[in-house]
Amino acid sequence: MAIDQNHLQALKTISGKKSYSDDQAVIAPHVIEPRGKFSGKTALLLMPDSKEIVSEIVSYCYAHDIKIVPQGGNTGLVGGSIPDSSGNEIIISLKRMNKVLAKDPLNHTMTVQSGVILIDAHKLADTINCQFPMHIASEGSAMIGGNISSNAGGINVLQYGVMRDLVLGLEVVLPNGDIWNGLTGLRKDNTGYDLKQLFIGGEGTLGIITAATLKLFPRHKQKNTAFVAIKNMKAAVELLALARDISGDSLIAFEILPRIGLDFTIKHMPGCRDPLSERYDWHILMECATSLERDLLDLEAVMEKILETAMEAGLVLDGVVPKNVAEMRELWNLREHMSEAQKHEGGSVKHDISVAVSKIPEFLERATKAVENAMPGIRPVPFGHIGDGNIHFNLSQPVDMEKQDYLAKWADLNRTVHDIVVDMGGSISAEHGIGILKVAELERYKPEIDLKVMRDIKKTLDPKNIMNPGRIVR
Ligand SMILES: Cc1cc2nc3c(=O)[nH]c(=O)nc-3n(C[C@H](O)[C@H](O)[C@H](O)COP(=O)(O)OP(=O)(O)OC[C@H]3O[C@@H](n4cnc5c(N)ncnc54)[C@H](O)[C@@H]3O)c2cc1C
């Protein structure tokens, strides 16, 4: 049943002029997710600009059983940020809540509203000689509230952790409209349950994050990148251990790029080229960074030492070190366009898995064999954050298959891969979350006691099930 017109009018009035849209042309980009796998509809997009208005809207929705989908930059990859197709869910976009509330350089923190775009958070930190170290390819659109709600990972987890490690305090509008003020810059606070942890990675199912206090770090003064060819996965994990050992813990990124992924990227993404003259099966893009001046630590020498030792040990077959920032960008473009490039090769079935780093070679061998047995001609493109044990095990369709026929096998292929992941003690969602996409998979693999506790928490905070219903837990 569609939302009553009187309710829609009341919500527009609460939100205020210019803070809503019922124009379907304006709403359109808010009801489709980046991969185009999910789309939905809504009669109303609300864009409040203060926590008080968010609270009033949510209170109204709570009183009248109106379902809400919180939305940041809408770059999430599991269908959690868009409404379903019933038309009964409204969107609350945080995009107008994009102000900085406080900067505290001596505490190495800043407090921002949740609609601040990630790349703008980087610039804000920079104004006080600090850095905010969360980096993802979608940082030009993804917002702090979305990053927190999805507990985003990205390329620097190796050194700085996931979003959970970067948040000190939160302000949240709870499903009944109450405002919980947990904004604090404290690094130590053992006064009972740490409530903010419920909302980090909560995917908007327990409340709407309106502001956050973020941890900042000293800015990098040196950065060194290398793109190397390696023989196989075993060499990759051994190189990681060696690089961590030699780098004085300055290794911040360690990403894997397979031959096929590199070929797709070079073929389909303008300006991309193979940095090496020979063809190799596997490549690692790694980066060291430090806030130390060069006279205290010569990072170039550190990278040289890593490469030299790795070559002597037979781990690295070939490699290149960029001479300037432009060349460094070129290398990172290869990594960042890898997902996009796969779109040009027809259907792609995605997996965002993690296992212990030491088990990556075994996982890749088992999973590749299993999907090739299940579907001859399938083209695995495993790439990503191998330094964190996180592989985007994407599967491009066989060349001679219809895209729709291939995508119809999505769930079967997921099952094949996820069974292996779980058998190896891994996770079926390393960094993208559950959303709508993986609800059934979560129910299959999470122990019943975990699911029960999660449902109990949901019922306690959101007894009317109005906040992003059906995402994570049903
Ligand atoms: C090209 C590309 C690269 C990516 N790379 C990475 C990567 O390396 N690592 C990674 O972890 N992810 C990655 N992602 C996924 C995505 O960008 C992240 O999950 C990001 O953190 C989502 O932020 P967002 O603002 O777009 O959130 P949205 O997509 O708008 O929302 C994500 C979830 O959070 C909820 N939500 C949003 N804002 C709030 C709020 N204020 N309060 C409560 N709930 C809220 C939504 O309801 C939804 O469930 C990538 C995506 C793309 C398109």
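For ligands, and for the atoms within them, numbers begin at 1 and follow the listed sequence. Please read these numbers as outputs of a predicted model, since none were measured by experiment. Only heavy atoms go into these numbers, but all of them, side chains included; no hydrogens, no water, no symmetry mates.
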Engineer: Tell me which part of His432 gets within contact of ligand 1: side chain, backbone, both or neither, using heavy atoms under 4.0 Å.
Structural biologist: side chain
Engineer: What protein heavy atom sits nearest atom 29 (O) of ligand 1, and how far off is it?
Structural biologist: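 Checking every protein heavy atom, the shortest distance to atom 29 (O) of ligand 1 gives Gly76 N, 2.7 Å.
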Engineer: Do the side chain of Gln24 and the main chain of Thr42 share a donor and acceptor less than 3.5 angstrom apart?
Structural biologist: yes
Engineer: Give a yes or no on whether the backbone of Ile428 and the side-chain of Lys438 come within a donor-acceptor separation of less than 3.5 Å.
Structural biologist: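 Such a contact is found between Lys438 side chain and Ile428 backbone.
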Engineer: List the closest protein heavy-atom neighbour of atom 41 (N) of ligand 1: residue, atom name, distance to the nearest 0.1 Å.
Structural biologist: Ile209 O, 3.0 Å
Engineer: Please give me the minimum heavy-atom distance between Phe264 and Val381, naming the atom from each residue.
Structural biologist: CE1-CG2, 3.8 Å
Engineer: Any atoms of ligand 1 less than 4.0 Å from a non-hydrogen atom of Leu94? List them with their elements.
Structural biologist: 41 (N)
Engineer: Can you find an N or O of Met143 that's nearer than 3.5 Å to an N or O of ligand 1?
Structural biologist: yes
Engineer: Hey, looking at atom 33 (C) of ligand 1, which of Glu203, His135, His392, Gln71 has the closest heavy atom?
Structural biologist: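 Selected option, by shortest heavy-atom distance: Glu203.
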Engineer: Please assess Glu345 against His268 for the test side-chain hydrogen bond (donor to acceptor under 3.5 Å, both in side chains), listing each intermediate value before the final yes or no.
Structural biologist: CA-CA 9 Å; Glu345 292 287 329; His268 300 297; 2.6 Å; yes
Engineer: Take Trp332 and Glu255, measure what side-chain hydrogen bond (donor to acceptor under 3.5 Å, both in side chains) needs, and give me the verdict at the end.
Structural biologist: CA-CA 10 Å; Trp332 275 107; Glu255 301 280 314; over 6 Å; no
Engineer: Does the side chain of Asn107 come under 3.5 Å of the side chain of Thr109 through a donor N or O and an acceptor N or O?
Structural biologist: yes
Engineer: Which residue supplies the protein heavy atom nearest to atom 44 (N) of ligand 1, what is that atom called, and how far is it?
Structural biologist: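 Result: Ser149 OG, 2.9 Å.
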Engineer: Heavy atoms only, cut-off 4.0 Å: how does Val172 contact ligand 1, side chain, backbone, both, or neither?
Structural biologist: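 No part of Val172 is near ligand 1 at this cut-off.
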Engineer: Consider ligand 1: state whether an atom of it lies below 4.0 angstrom from any non-hydrogen atom of Gly153.
Structural biologist: yes
Engineer: Going by the closest heavy atom to atom 46 (C) of ligand 1, which one wins out of Pro70, Pro34, Gly204?
Structural biologist: Pro70
